[in-house]
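Worksheet: the structure to be examined is printed underneath.
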Amino acid sequence: MYKQLKLAPSILSADFSRLGEQIEEIEKGGADWVHLDIMDWHYVPNLTFGPPIVKDLKKCSDLLLDAHLMVEHPENYFDELADYGVEIITIHQEAVTHLDVAIQKIKKLGCKAGVALNPATPLDTISHVLPEIDLVLIMTVNPGFGGQSFISYCMDKISDLRERINQQGRDIDLEVDGGIKLDNLEAVIQAGANVIVSGSGVYNGNPTEMCAKFKKVMAALAK
């Protein structure tokens with residue numbers, strides 16, 4: 001069972017001096033979502049942006065906003081992100097003490113709840129909450145910085161998760177983030193991903209053209 005293939009460019013690699021234009025460019029190229037990598041310099045050794053930037057982004061695009069919280073105490077962000085129009089809030093299994101409580105808080109705000117797993121974190125750590133979530137984000141690089149290379153052993157992890165989702169008959173998006181380029185896009189989708197996050201793979205070229213190329217491959221695989 002495969003859900004519709006979606007492209008979610010990460011603005012982590014965008015030019016923040018012209019962020020509104022950069023989002024318009026991916027929208028023209030056929031992007032489905034905007035992936036928001038929110039980092040706090042504590043959970044990961046990098047600092048990006050917070051809810052005020054997200055509020056401004058909602059003014060310049062109708063694309064779905066997909067927030068990936070790489071932060072300590074992610075629950076402190078939930079209310080503002082929901083108020084500013086974020087549709088999906090994804091938290092790290094490794095960053096929360098009571099995962100189920102955090103998931104329920106997200107859903108009560110009217111958002112879809114996602115859980116992210118770092119490359120070395122086993123799938124079994126989320127097996128009991130799988131019925132409660134809308135999205136699983138498999139990290140194929142260690143979080144914190146864009147432009148890293150895809151970690152090859154994660155391909156089996158993607159396949160294993162897809163099998164578990166299918167066995168349960170669950171309507172869950174399987175999102176993959178980290179080192180995805182045109183040369184490994186097909187393999188990642190064939191392994192079971194249906195939401196593709198790419199930052200440098202999109203923004204290191206012409207964003208509109210790169211999105212169109214990604215979408216062309218995805219359209220061919222969806223047939």
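Here the structure is a predicted model, which is why all the values come from computation and not from measurement. Only heavy atoms go into these numbers, but all of them, side chains included; no hydrogens, no water, no symmetry mates.
Placement of V96 and L135 in two distinct hydrophobic clusters is found when ILVMFWY residues are connected by side-chain heavy-atom separations under 4.5 Å, directly or transitively. Note: the hydrophobic cluster containing I165 also contains V188 (ILVMFWY, side chain heavy atoms under 4.5 Å, direct or indirect links). Under a hydrophobic clustering in which Ile, Leu, Val, Met, Phe, Trp and Tyr are joined whenever their side-chain heavy atoms come within less than 4.5 Å, directly or via other members, L5 and L161 fall into the same cluster. I91 is not connected to M39 by any chain of hydrophobic side-chain contacts under 4.5 Å among Ile, Leu, Val, Met, Phe, Trp and Tyr, and they are in different clusters. In terms of hydrophobic clustering, with Ile, Leu, Val, Met, Phe, Trp and Tyr side chains grouped at heavy-atom distances under 4.5 Å, L109 and V115 are assigned to a common cluster.
For K55, the NZ atom is loosely surrounded, since the number of other residues' heavy atoms within 6.0 Å does not exceed 12. Within a 6.0 Å radius of NZ in K157, more than 12 heavy atoms belonging to other residues, nucleotides or ligands are found. Environment of CG in D62: sparse, with no more than 12 heavy atoms of neighbouring residues, nucleotides or ligands closer than 6.0 Å.
With contacts defined as side-chain heavy-atom distances shorter than 4.5 Å, the pair V176/L137 does not qualify. Side-chain contact between P119 and T140 is absent, with no heavy-atom pair separated by less than 4.5 Å. Two residues are said to be in side-chain contact when any heavy atoms from C-beta on lie closer than 4.5 Å; L130 and Q168 meet this criterion. Residues C211 and E27 fail the side-chain proximity criterion, which asks for heavy atoms closer than 4.5 Å. Contact annotation: the side chain of L19 approaches that of I11 to within less than 4.5 Å [non-hydrogen atoms, C-beta and beyond]. In this structure, the side chains of K6 and E175 stay at 4.5 Å or more apart for every pair of heavy atoms. Between L182 and M210, some side-chain heavy-atom pair lies under the 4.5 Å cut-off. No side-chain heavy atom of D134 sits under 4.5 Å from any side-chain heavy atom of I172.
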Run the side chain to side chain contact (heavy atoms under 4.5 Å, CB included) check on V136 and L123 step by step: do they pass?
-> CA-CA 10 Å; V136 179; L123 294 176; 5.6 Å; no

Evaluate the side chain to side chain contact (heavy atoms under 4.5 Å, CB included) criterion for residues I38 and I53: first the C-alpha distance (whole Å), next the side-chain angles of each, then the deciding distance (0.1 Å), finally the verdict.
-> CA-CA 10 Å; I38 299 175; I53 294 292; over 6 Å; no

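A donor-acceptor contact closer than 3.5 angstrom links the side chains of N194 and D173. In this structure, a donor-acceptor pair under 3.5 Å is present between the side chains of D37 and S10.
Between H35 and H68, the two ring planes are tilted [angle within 30° to 60°].
In terms of modelled atom types and a separation under 3.5 Å, the side chain of N184 and the main chain of G179 share a donor-acceptor contact. The closest donor-acceptor contact from the side chain of N166 to the backbone of G169 lies at 3.5 Å or more, if one exists at all. Between the side chain of T208 and the backbone N or O of K28, no donor-acceptor pair lies under 3.5 Å. Under a 3.5 Å cut-off, the side chain of R162 and the backbone N or O of A191 do not form any donor-acceptor pair. Panel note: side chain N118, backbone A120; no donor-acceptor pair is recorded below 3.5 Å.
For the side-chain contact (heavy atoms from CB on, under 4.5 Å) with D66, the lone residue among V34, T90, L36 that qualifies is T90.
A salt bridge between E24 and R18 is absent, with no side-chain N of the basic residue lying under 4.0 Å from a carboxylate O of the acidic one. The pair K59-D56 meets the salt-bridge criterion, with a side-chain N (NZ, NE, NH1 or NH2) lying under 4.0 Å from an Asp/Glu carboxylate O.
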Side-chain donor-acceptor distances from residues 213-222 under 3.5 Å, at least two apart:
{"unit_1": "K215", "atom_1": "NZ", "unit_2": "D32", "atom_2": "OD1", "d": "3.3"}
{"unit_1": "K215", "atom_1": "NZ", "unit_2": "D32", "atom_2": "OD2", "d": "2.8"}

Check residues 196-204 and write down every donor-acceptor pair under 3.5 Å in which the side-chain atom is one partner and the other belongs to a residue at least two apart or another chain.
{"unit_1": "S198", "atom_1": "OG", "unit_2": "I180", "atom_2": "O", "d": "2.9"}
{"unit_1": "S198", "atom_1": "OG", "unit_2": "G201", "atom_2": "N", "d": "3.4"}
{"unit_1": "S200", "atom_1": "OG", "unit_2": "K181", "atom_2": "NZ", "d": "3.3"}
{"unit_1": "Y203", "atom_1": "OH", "unit_2": "Q22", "atom_2": "O", "d": "3.2"}

Show me the side-chain donor-acceptor pairs of residues 69-83 shorter than 3.5 Å, one per line, residues at least two apart or across chains.
{"unit_1": "E80", "atom_1": "OE2", "unit_2": "Y84", "atom_2": "OH", "d": "3.4"}

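Applying the side chain to side chain contact (heavy atoms under 4.5 Å, CB included) criterion to K58, with sequence neighbours excluded, gives L65, E87. Qualifying side chain to side chain contact (heavy atoms under 4.5 Å, CB included) partners for Q148, counting only residues two or more places apart in sequence or in other chains: V141, F145.
Considering every non-hydrogen atom in both M139 and C154, the closest pair reads O-SG, 3.7 Å. The minimum heavy-atom distance between I23 and C60, with the atom names listed, is CD1-SG, 4.5 Å.
A side-chain hydrogen bond (donor to acceptor under 3.5 Å, both in side chains) check over residues 120-133, counting only residues at least two apart or in different chains, returns the pairs E94-T121, Q104-E132, D124-R164.
Separation of atoms CD1 (I138) and CG (L117) is listed at 5.0 Å; rounding is to 0.5 Å. One distance of note links CD1 of I103 with SG of C111; it measures 13.5 Å at 0.5 Å rounding.
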